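Notes to accompany the following structure.
Only a predicted model underlies this, so the values are computations on that prediction, with no experimental measurement involved. Order of the sequence lines sets the chain letters (A, B, ...), proteins ahead of strands, with each chain counted from 1.
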Number of protein chains: 2
Amino acid sequence: MASDEPNARPSEARLKLLRTATRIFYAEGIHAVGVDRIIAEAKVTRATFYRHFPSKDDLILAYLREVHQLERGMVDEALAANLSPVEPLLAIANSIAQNIQSPGFRGCAFLNAAAEYPDTNHPVHQELIAHRAWFLGTITTLMAQVHEGTADPAARHFVMLRDGAMAAGCLSDPTLVSETFLRGVEGLLRINSERQSTESAR
Amino acid sequence: MASDEPNARPSEARLKLLRTATRIFYAEGIHAVGVDRIIAEAKVTRATFYRHFPSKDDLILAYLREVHQLERGMVDEALAANLSPVEPLLAIANSIAQNIQSPGFRGCAFLNAAAEYPDTNHPVHQELIAHRAWFLGTITTLMAQVHEGTADPAARHFVMLRDGAMAAGCLSDPTLVSETFLRGVEGLLRINSERQSTESAR
DNA sequence: CAGATCAGACCGAACGTTCTGTCGCTAAGA
DNA sequence: TCTTAGCGACAGAACGTTCGGTCTGATCTG
């Protein structure tokens, strides 16, 4: 990607473009927003835009990577305060619930991108698949610490609840959606903890 | 909506347009497909298109109403074979699971439309909100027959699992997604049935 | 005959991308 | 200290294509 060397300090113009794109793509959709709009609101010129992003698709990929980093940050934070096997999962769930209730919440950037880019050959689609693989893998690892034998189905169940909550959070009452999600997660963790306790008692 | 009187037989041209739009919009996304494409593949002319649909938005609304009718048909079928309070819900869940595993599955047309039309004032957005209200209401009514007191949260939980399954069904292994969904629903129904049995035994 | 459909041209706007010349800033070299 | 070169950003025009929508006249069918 142009001008994005790992150790180079990103230019102010590039940051402005990426920040603007992240905000507008998330709020309004990707296809619904043209590069003209991003350029105008970032207050840079066309030449500057194309200097940093060779095409609109490059900007979209940068947007998704930006959101991915934000979500990684959230997960890393939950892992840092790690006391018992269940707590990181609850911390992640609470973070998701808070996000759902935050102003400007507009669902999952990756699920939204999937709706707009269904072609599995498109780089945008491939980017979101990679993100989802990371998230499922992370939850699976955490679930394995709760109960090794059922980690896979339990993680899939967690992610399904997450996906459902993210999808519905801006289509109905976010408070009810968050409650439903947290209850589902708590029930899931309770069942899996009891399995672990039952097997430990043997 | 033009030429769509309740008792009039829809013309062949209109049917072709709607059928084509339903297929392509669902498979490829709404913004990603222009009217030219629909017209070319439906093998009608531009004037015919605009005779039946005054604008692209009218076609999109017709597409969503078409999918809504299909889903109503699925639910009506599940209700028709109604033996016990739990069975319609299981039938609906099984129908959803089969859909997820069917060729060409591309998620929920309404969730996909929500991603592309986030503006709550847009008629497309309002159409999908109405559809979701119908679905949640239907599931709530069915859950009330399982256990009156927890019908609301249980229905929301069911719909959350459904949304998550629909979102993930074409982004990962559809068989695993279906299994996860059906297990989640079975667990939910078991818990709610046991609540009903417990309260009946008092 | 009336309505539906056809063929096809047209419109202005928007789309993503390319390009040119100019300006400002910074760092390095004389 | 001054000059120069290089880099990044600016202003703005231009390109070809696609977009959704409008319109006209001809043909077909019931």
Side-chain angles (χ1 to χ4, degrees), chain A residues 1-22 24-25 28-64 113 116-117 119 121-125, chain B residues 1-5 7-22 24-25 28-64 113 116-117 119 121-125 127:
Chain A
M1 203 162 52
S3 304
D4 195 23
E5 296 179 3
N7 297 320
R9 179 190 161 89
S11 73
E12 183 61 31
R14 190 183 191 284
L15 286 176
K16 285 203 299 189
L17 282 164
L18 186 53
R19 197 182 305 135
T20 303
T22 299
I24 307 184
F25 283 157
E28 302 183 23
I30 298 169
H31 277 117
V33 179
V35 294
D36 276 353
R37 176 82 187 284
I38 307 293
I39 286 162
E41 298 207 21
K43 297 184 165 68
V44 299
T45 64
R46 207 159 206 88
T48 302
F49 175 93
Y50 283 104
R51 180 186 171 80
H52 292 286
F53 301 101
S55 69
K56 183 179 176 180
D57 277 359
D58 290 291
L59 179 63
I60 296 162
L61 292 172
Y63 151 58
L64 293 179
E116 295 204 56
Y117 290 84
D119 178 4
N121 292 323
H122 198 287
V124 167
H125 194 93
Chain B
M1 204 162 48
S3 305
D4 195 21
E5 296 179 0
N7 297 321
R9 177 186 162 88
S11 72
E12 184 60 32
R14 190 183 191 282
L15 287 176
K16 285 204 297 187
L17 282 165
L18 185 53
R19 198 182 304 134
T20 303
T22 300
I24 307 184
F25 282 158
E28 302 184 25
I30 297 168
H31 277 119
V33 179
V35 293
D36 275 351
R37 178 82 186 284
I38 305 296
I39 286 161
E41 298 206 22
K43 297 184 163 68
V44 298
T45 63
R46 207 160 205 86
T48 302
F49 176 94
Y50 283 104
R51 180 185 170 83
H52 291 285
F53 301 102
S55 69
K56 183 181 176 179
D57 276 359
D58 290 289
L59 178 63
I60 296 163
L61 291 171
Y63 151 60
L64 292 179
E116 296 205 56
Y117 291 85
D119 178 2
N121 292 322
H122 198 286
V124 167
H125 194 94
E127 194 75 25

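For B:R37, the side-chain contact (heavy atoms from CB on, under 4.5 Å) partners are B:I24, B:E28, B:V33, B:E41, not counting sequence neighbours. Every residue two or more places apart in sequence or in another chain that forms a side chain to side chain donor-acceptor pair (under 3.5 Å) with A:T48 is listed here: A:T45.
An OP1 or OP2 oxygen of C:dT5 is reached within less than 4.0 angstrom by no side-chain nitrogen or oxygen of B:T45.
Residues B:L61 and B:P123 share a closest heavy-atom pair of CD2-O, 3.5 Å.
Rounded to an integer number of Å, the gap from B:F53 CZ to D:dG20 P is 15 Å. Straight-line distance from the CD1 atom of B:I38 to the P atom of D:dC19: 11 Å, rounded to whole Å.
Residue contacts shown for A:K43 are limited to sugar-phosphate atoms, with no base heavy atom under 4.0 Å away.
Looking only at side-chain heavy atoms (C-beta outward), B:D57 and B:H122 come within less than 4.5 Å of each other. Between B:F25 and B:L64, every side-chain heavy-atom pair lies at or beyond the 4.5 Å cut-off.
Here the side chain of B:E116 pairs no donor or acceptor atom with the backbone of B:G29 at under 3.5 angstrom.
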Distances for protein N/O vs nucleotides 11-18 of chain C N/O pairs under 3.5 angstrom?
unit_1, atom_1, unit_2, atom_2, d
C:dG16, OP1, A:K56, NZ, 2.7
C:dG16, OP2, A:V35, N, 2.8
C:dT17, OP2, A:Y50, OH, 3.2
C:dT17, OP2, A:K56, N, 2.8
C:dT17, O4, A:R46, NE, 2.2
C:dT17, O4, A:R46, NH2, 2.9

